[in-house]
Every structure is written in structure tokens, then in C-alpha cells.
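A short write-up of the structure that comes next.
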Amino acid sequence: MSRHLITSAIPYINGIKHLGNLVGSQLPADLFARYQRARGNEVLFLCATDEHGTPAELAAAKAGKPVAEYCAEMWEVQSEIAEGFGLSFDHFGRSSSDQNKKLTQHFAKVLDDAGLIREVSETQMYSHTDGRFLPDRYIEGTCPNCGFDSARGDQCDNCTKQLDPVDLINPHSTISGSTDLEMRETKHLYLRQSAMKDKLEEWIDTREGWPVLTTSIAKKWLNDGDGLQDRGITRDLDWGVPVMRGDQPWPGMEGKVFYVWFDAPIEYIACSQEWVDAGKGSDWERWWRTDKGADDVTYTQFMGKDNVPFHTLSFPATILGSGEPWKLVDYIKSFNYLNYDGGQFSTSRGRGVFMDQALEILPADYWRWWLLANVPETSDSEFTWEQFQSGVNKDLADVLGNFVSRITKFCRSKFGEAVPEGGAFGAQEETLIADLTAKIRAYEGFMEEKEIRKAAQELRGIWVAGNEYLQAAAPWSTFKTDPDLAAAQVRLGLNLIRLYAVLAAPFIPATSEAMLTAMQTDNNDWPDDVNAALTTLPAGHAFTVPDVLFAKITDDQREEWQARFAGVRG
RNA sequence: GGGCCUGUAGCUCAAUUGGUUAGAGCAGAGCGCUCAUAACGCUUUGGUUGCGGGUUCAAGUCCUGCCGGGCCUACCA
């Protein structure tokens with residue numbers, strides 16, 4: 001038995017996530033967690049909400065609520081939707097937890113003790129009207145280069161020139177529109193990532209089999225220009241982890257908070273403390289401390305490509321720099337983006353299908369299957385309603401759902417609702433078992449390697465093999481001439497349903513459960529021995545014919561949804 | 001501007017890292033089956049691998065120049 005620590009990038013608290021967010025981290029992480037559990041391995045699967053930063057404060061203000069209250073409510077909402085999608089987190093935490101505050105402050109202290117933090121005095125744009133310092137992106141003005149009048153403080157969207165807020169002509173706050181801005185001096189703490197460049201690079205270089213996307217982004221940051229830069233880890237905000245040196249005040253840093261990207265990854269660790277404090281577990285250190293039993297843990301992170309620099313560099317710099325024996329990540333699985341109907345999903349513009357809406361129109365397994373089978377592993381991929389409809393109808397309704405339907409209904413009409421007795425497996429069945437064994441071993445290989453599309457394809461092939469067998473065996477014919485033979489064939493078919501439920505559970509857990517329920521069994525043992533797996537349900541074992549597992553998506557429905565989700569979210 | 005990824009059948013994607021005749025699924029065509037959600041099975045039509053050069057016994061794969069798509073570029077997260 002091996003031990004797997006699995007984390008999904010933590011979704012930002014600001015609003016409900018869309019399907020692109022889901023497929024880029026939480027869903028593949030859940031697939032892997034469910035698979036490892038199914039193989040009998042010990043799993044700790046963690047996720048949380050990322051609650052700090054300017055956008056959370058602004059969203060709360062817009063909602064007319066105190067930010068703490070807003071975040072608490074949004075956590076509830078996200079938590080409920082995650083449950084709706086069957087995301088099997090052992091704990092869904094919050095980066096604003098006390099545990100994370102303490103741990104973040106602890107890391108700051110040990111990093112400072114190690115000489116890896118320096119204080120920097122700099123000037124930033126301050127808005128009197130908004131009563132806050134403005135991140136560059138919240139300042140707009142006229143581009144000095146091309147004259148575009150909505151250039152952002154960091155870059156002009158028209159001529160793509162990189163800018164500094166002071167370069168802008170007539171700058172104003174995008175929050176209030178105010179032009180009452182001034183450059184004001186402020187002090188911040190910087191993490192001396194530059195001092196850790198060699199150590200980080202050596203670590204990255206020894207990682208094997210990581211996605212190109214992961215290592216190329218890390219390499220770029222390590223070696224671009226002057227190399228890895230130091231990074232500000234504090235901000236002038238109200239909402240966040242107060243800057244403290246452990247449990248002591250940090251002179252000169254009063255009223256400031258840590259930067260969201262400093263405290264967010266630390267929440268992976270703090271989340272396991274929350275897990276224990278919530279009474280769900282007993283020992284978090286054996287997952288995280290290599291001096292306390294975490295040596296044999298395999299730690300896998302899942303994230304969208306935008307998160308890669310923070311997980312390959314910033315967070316490891318925090319871990320390595322601490323000098324403490326924390327567990328480092330073993331494998332980073334990163335994803336490209338899922339596009340929606342020719343453009344991007346967009347939270348800010350409300351474009352695409354959001355997680356709550358998806359669940360309103362179809363059960364989670366429809367989405368889980370299609371999204372995972374089309375997950376953007378090698379490049380950006382595209383969601384279209386036509387492809388979603390045909391993919392779901394063909395794979396789930398026709399290939400899998402109909403298989404369950406045809407075998408259970410045939411058995412009911414000829415033998416009754418119990419596994420029939422008589423006959424024996426012959427050459428045809430041996431061929432099927434050999435074929436399935438090869439396919440299942442391949443499926444396991446893809447799942448271990450986190451080759452998700454290939455795993456989905458293999459799983460579908462396993463389903464198809466069942467239909468091929470039925471066609472060749474033709475129990476509806478043999479029943480007329482040799483009822484015992486037909487009984488053996490149907491017995492095998494019913495056992496295939498249980499086998500399919502076990503194998504498919506990581507992708508479509510709810511349906512898998514429904515299949516086991518129909519077969520009236522809770523035996524979900526992994527088929528290490530396929531032959532044995534196909535004799536699990538003995539003759540005489542009662543079952544029920546389940547309702548249609550997957551109703552097909554009709555053209556009318558597709559057109560309705562296409563129209564409904566064509567514009568922006570209201 | 002710089003960096004990275006990407007372009008393969010009508011569509012969505014593969015191709016064991018330079019090695020037989022570039023493969024699957026969907027869609028299309030034909031046949032079969034009748035247990036089943038008008039479902040299933042078998043067969044089959046589609047490709048000058050974006051375009052032009054080059055290296056090599058051998059290039060979808062490596063080099064180079066164009067053309068197109070995407071992402072990142074460190075104060076959004």
C-alpha cells in the first residue's frame with residue numbers, strides 16, 4: 001500500500017467557478033484521488049478556497065457585505081457545488097483559517113531567520129478616494145506609446161507595451177474612476193528567491209517525467225533576463241494574514257498583510273491541520289513532515305498553467321528556504337485551458353457555463369466524463385455543445401448505459417431477476433478475459449501516469465469489449481438451443497456490470513454507485529484478477545434492472561442550452 | 001519585443017521520442033443482429049502531416065524561413 005497526498009489548486013473565493021476552472025485542477029485531482037483509493041492506497045486529498053487579495057475585497061464591497069462574511073458565504077456555496085460534482089476532498093478548507101494564519105506567520109519567521117527576507121521601500125500608486133493602494137491592473141489611463149485610452153497600469157492592451165502606472169497619461173482608478181491618485185512610499189517584505197535560484201534549479205532538474213508545460217514555465221522564470229527575481233510577499237490590504245514574525249509583531253509592517261500567493265500554497269499544509277481539527281483525521285504531520293513519517297508519501301499537485309510559477313518556484317522556495325523537513329511536491333500535473341465555443345471561459349465577463357448552472361441542467365457524471373475525456377492536457381481544448389452532446393450520448397448512453405440495459409433486461413425476461421445458474425465459461429469467455437486483462441492493465445498504467453485522456457479512451461474500450469462479447473456470444477440465440485450456455489453468458493454479462501462500476505468509479509462515481517446498487521452488491525474490489533472478478537456475483541444472486549443510467553441529450557435540449565449560454569451570465 | 005506551446009482525416013485527438021503502408025473515436029457509406037436507450041457488432045470511404053527549403057539510409061518527429069492559433073512575461077489571482 002502506498003500513500004498519496006493530493007492537492008488541487010485552490011479556487012479563488014470570488015464567485016462561482018466555470019467548467020474551465022473545474023477541469024483544470026479539481027476534477028483531475030479528484031479522478032486521481034478516487035483511483036488511488038480504489039487501488040487500496042491511503043489518500044489525503046485536500047482543497048480549499050483562496051480567500052485573500054484585492055478582488056475578494058472588491059467583490060465583498062460590491063455585494064455590500066463585510067469581506068469576512070462574504071468569504072464565509074462563498075465558501076459555503078463553493079463547498080456545496082464541489083459536493084454536487086462529487087469532488088471527494090478529505091477536507092475543503094479556507095486559506096483564511098487560523099491554522100493558515102499561524103503557519104504563514106511561522107514560515108515568514110523561519111525564512112527571515114534564514115536571511116531570506118529583505119525589506120524594500122518602494123512607491124506605489126495610492127487612491128485617496130478608494131482609500132487603498134492600487135495594484136497596477138486597477139489603474140487605467142492613456143497609453144504614452146499608442147494613445148489608447150484604456151491602457152492598464154501594467155500593460156497596454158492595444159499595443160501590448162509593458163507599462164508602469166506612472167507612465168500613464170491621466171491615470172484613474174478602475175474601482176472608483178477617481179483621478180485623485182498619488183505615488184506614495186510604502187515598505188514591503190521580499191522573499192529572496194534569487195538567493196535560492198541554484199537550489200531550485202537543481203531540484204527542478206532532478207524531477208522526472210513532469211509535463212513539458214510544467215518544466216518549461218519553471219525554466220523560463222529561472223533563467224529569463226537576470227534570472228529568478230525576489231518577490232514581494234506583503235501587501236497594503238486589510239483582508240489577509242497579518243504580517244507577523246511568528247507570534248511576534250514585525251516592526252514597520254503594522255497594518256499590512258501577506259501577499260495572497262505567499263499564504264495560498266501554505267494552506268495546503270494548514271488544510272491538513274484543519275482536517276485534523278475538524279475531527280476527520282488524527283495526524284497531519286505524517287503527511288507533511290519527512291521527519292515524522294512523510295518520507296514514503298507521494299505528493300501530486302494538480303493545477304492550471306497560470307499557477308505553475310507559484311508551485312514550481314515560490315512555494316518550493318518557501319519550503320526549501322525554511323530549512324525545516326517539509327514534504328516537497330513529487331509531481332506537478334498542469335493543464336492548459338478549456339475554451340468555450342470559440343472563445344475563452346471568463347469569470348469576469350460571465351462567459352461560458354458555470355458550475356452551478358451545469359448541475360442545474362445535467363447530473364455531474366455527464367460533465368465529469370466529457371470534461372475528463374477531453375481535458376486540455378497537451379494544448380488548449382474546446383467545449384462545444386455539439387461535441388458534448390455526441391460524446392456523452394455515444395459513450396455514456398449507447399456504449400455503457402445500453403450495455404447495462406440490454407443485459408439486465410434480457411436476463412429478467414429469460415431467467416428472472418437473479419444471476420442465472422448453469423453452463424460454464426468456454427473459449428469465448430477466456431478470450432474476453434484475456435482481452436479485458438490487457439485493457440485493464442493499460443488503463444491502470446494511464447491512471448498511474450495521470451494520462452487522463454488515454455485512460456478515458458481505454459475505459460471506453462473496456463466498455464466496448466462487453467458489447468463485442470454479447471454480439472459474438474448472442475445469448476438470445478443460444479438460449480433457444482442451449483439454455484445453460486446462455487445462462488453462463490448472461491452470468492458473465494451481469495458480472496461485467498459490476499466490473500465496469502468498479503473501473504469507472506473514478507470518472508463517474510454516482511453512476512458507478514447506481515450500478516452496484518442495481519447489482520445489489522457493495523463489493524468494489526479492484527480486478528487484479530479479472531477471471532475472479534467476473535465470478536464475483538454467484539448464481540442465484542439477486543439484482544434489479546436499473547432505470548436508464550444516462551438519458552440522451554436531445555437536439556432540442558442542446559439548442560436550448562446553446563442559446564441560453566450564448567451570452568453573458570445575468 | 002522576449003520566451004514557451006501548437007498546426008496531422010469534415011470534427012476531436014494519437015503516433016512507443018528519427019524507423020515498416022501515419023492510427024483511434026465521432027460524423028458519412030454498406031452489411032449483419034434483434035437482447036437493448038432506433039441501441040449493438042462487422043466492414044468501409046476520408047490525410048501531399050499549415051507552406052517552402054535543408055540534414056539523414058530514413059522526417060509528422062531534427063534544423064531553418066515564412067503563415068496561422070494559444071499561453072506567459074513576475075503588482076490579477
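Chain letters run A, B, ... following the sequence lines, proteins first and then strands; every chain starts at 1. This one's a predicted model, so the numbers in the text were calculated from it and none came from an experiment.
Contact annotation for A:F550: base contact, defined as any heavy-atom pair under 4.0 Å involving a base atom. Nucleic acid contact for A:I407: none, since no nucleic acid atom lies under 4.0 Å from a heavy atom of the residue. Residue contacts for A:L470: at a heavy-atom cut-off of 4.0 Å it reaches no nucleic acid atom on any strand shown. Using a 4.0 Å heavy-atom criterion, one finds that A:G304 contacts no nucleic acid atom at all. Here A:S381 lies in heavy-atom contact (under 4.0 Å) with sugar-phosphate atoms only. As judged by a 4.0 angstrom heavy-atom cut-off over every strand, A:V464 is placed among residues touching the sugar-phosphate backbone only.
For the C1' atoms, the distance linking B:rG3 with B:rU43 amounts to 49 Å, nearest Å. Distance check on atom P: B:rC11 versus B:rA27 gives 16 Å, rounded to whole Å. Atom C1' of B:rG30 sits at a distance of 15 Å from the matching atom of B:rG46, rounded to the whole Å. Rounded to a whole angstrom, the distance from the P atom of B:rU6 to that of B:rC13 is 13 Å. Distance check on atom C1': B:rG60 versus B:rG50 gives 12 Å, rounded to whole Å. Of the P atoms belonging to B:rG47 and B:rG10, the separation is 7 Å, rounded to the nearest Å. Separation of the C1' atoms belonging to B:rU37 and B:rA22 is 36 Å when rounded to the nearest angstrom. With both ends at atom C1', the span from B:rA74 to B:rC4 equals 16 Å, rounded to whole Å.
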Quick one: which protein N/O atoms are closer than 3.5 Å to N/O atoms of nucleotides 75-77 of chain B? Pair and distance per line, please.
from: B:rC75; atom 1: O2'; to: A:D136; atom 2: OD2; distance (Å): 2.7
from: B:rC75; atom 1: N3; to: A:Q124; atom 2: NE2; distance (Å): 2.6
from: B:rC75; atom 1: N4; to: A:E122; atom 2: OE2; distance (Å): 3.1
from: B:rC75; atom 1: N4; to: A:Q124; atom 2: NE2; distance (Å): 2.5
from: B:rC76; atom 1: OP2; to: A:R137; atom 2: NE; distance (Å): 2.7
from: B:rA77; atom 1: OP1; to: A:T54; atom 2: N; distance (Å): 3.4
from: B:rA77; atom 1: O3'; to: A:D50; atom 2: OD2; distance (Å): 2.8
from: B:rA77; atom 1: N7; to: A:W261; atom 2: NE1; distance (Å): 3.4

Just the atom pairs and distances: protein N or O near nucleotides 5-11 of chain B's N or O, under 3.5 Å.
from: B:rC11; atom 1: O2'; to: A:Q387; atom 2: NE2; distance (Å): 2.8

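For A:W369 and A:F550, the distance between ring centers is not under 6.0 angstrom.
Where RNA chain B pairs in unbroken runs of 3 or more (Watson-Crick or G-U, both distances under 3.5 Å), the stems are B:1-7 with B:67-73, B:10-13 with B:23-26, B:28-32 with B:40-44, B:50-54 with B:62-66.
Taking syn as a glycosidic angle within 90° of 0, B:rU17 qualifies as syn. Annotated as anti: B:rG60, whose O4'-C1'-N torsion sits more than 90° from 0.
What separates CZ of A:F388 from P of B:rC13 is a distance of 16 Å, to the nearest Å. B:rC26 atom P lies 10 Å from atom CG of A:D398, rounded to whole Å. Rounded to a whole Å, the CD atom of A:Q457 is 12 Å from the P atom of B:rC13. A straight line from CG of A:N223 to P of B:rU73 spans 17 Å, rounded to a whole angstrom. Distance A:D395 CG to B:rA27 P: 10 Å, rounded to the nearest Å. The distance between atom CD1 of A:I217 and atom P of B:rG2, rounded to the nearest whole Å, is 19 Å. Remark: P of B:rA14 and CD of A:E451 are 10 Å apart, rounded to the nearest angstrom. Here the C1' atom of nucleotide B:rG3 and the CG atom of A:L313 are 15 Å apart, to the nearest Å.
Relative to the six-membered ring of A:F507, A:R368 misses at least one condition, a distance below 6.0 Å or an angle of at most 45° to the axis. A cation-pi arrangement is present between A:K305 and A:Y337 under the rule of less than 6.0 angstrom and at most 45 degrees off the ring axis.
A distance of 12.0 Å separates CH2 in A:W210 from CD1 in A:I217, rounded to the nearest 0.5 Å.
Close to B:rA36, at under 4.0 Å from its OP1 or OP2, lies no side-chain N or O of A:K414. Between A:K454 and the phosphate of B:rA15, there is a side-chain N or O to OP1/OP2 separation shorter than 4.0 Å. For A:K552, a side-chain nitrogen or oxygen approaches OP1 or OP2 of B:rA39 to under 4.0 Å. Put simply, A:Y337 has a side-chain N or O that comes within less than 4.0 Å of OP1 or OP2 on B:rC72.
Counting heavy-atom neighbours within 6.0 Å of A:E448 CD, excluding the residue itself, gives a total above 12.
A salt bridge links A:E201 to A:K219: at least one charged side-chain nitrogen sits closer than 4.0 Å to a carboxylate oxygen.
Remark: the A:Q389 side chain and the A:D555 side chain contain an N/O donor-acceptor pair separated by less than 3.5 Å. Side chains of A:S173 and A:S178: a donor-acceptor N/O pair is absent below 3.5 angstrom, by distance only. For the residue pair A:Q387 / A:E382, no side-chain donor-acceptor distance below 3.5 Å is found, with atom types taken as modelled. For the residue pair A:E51 / A:S96, a side-chain donor-acceptor distance below 3.5 Å is found, with atom types taken as modelled. Residues A:E417 and A:T544 bring no donor and acceptor atom of their side chains to less than 3.5 Å of each other.
Within a heavy-atom distance below 4.0 Å of RNA chain B, the residues of residues 475-501 of chain A found are A:W476.
The listed nucleotides are B:rA36, B:rG3, B:rC26; the one nearest the side chain of A:R406 is B:rA36. Comparing B:rG3, B:rA74, B:rC13 by their closest approach to the side chain of A:K220 singles out B:rG3.
Contacts classified as side-chain hydrogen bond (donor to acceptor under 3.5 Å, both in side chains) and involving residues 231-240 of chain A (residues at least two apart or in different chains) are given here: A:T186-A:D236, A:H188-A:T234, A:H188-A:D236, A:D236-A:K256. Applying the side-chain hydrogen bond (donor to acceptor under 3.5 Å, both in side chains) test to pairs two or more places apart or on separate chains, those with a residue in residues 460-473 of chain A are A:D395-A:R460, A:R406-A:N467, A:E429-A:Y469.
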Might you work through the side-chain contact (heavy atoms from CB on, under 4.5 Å) test for A:E119 and A:L189, ending with a clear yes or no?
CA-CA 5 Å; A:E119 210 170 279; A:L189 301 180; 4.1 Å; yes

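Residues A:C47 and A:P11 meet the side-chain proximity criterion, which asks for heavy atoms closer than 4.5 Å.
Here the closest non-hydrogen pair linking A:L400 and A:M515 is CD1-CE, 4.1 Å.
The base of B:rA36 sits within donor-acceptor range of the side chain of A:N402, with an N or O pair under 3.5 Å.
Each of A:E451, A:E377, A:E449, A:Q301 was evaluated against A:K333; a single residue qualifies, A:E377, per the side chain to side chain donor-acceptor pair (under 3.5 Å) test.
Both A:L396 and A:V399 lie near RNA chain B, and the one whose nearest nucleotide falls closer to the 5' end is A:L396.
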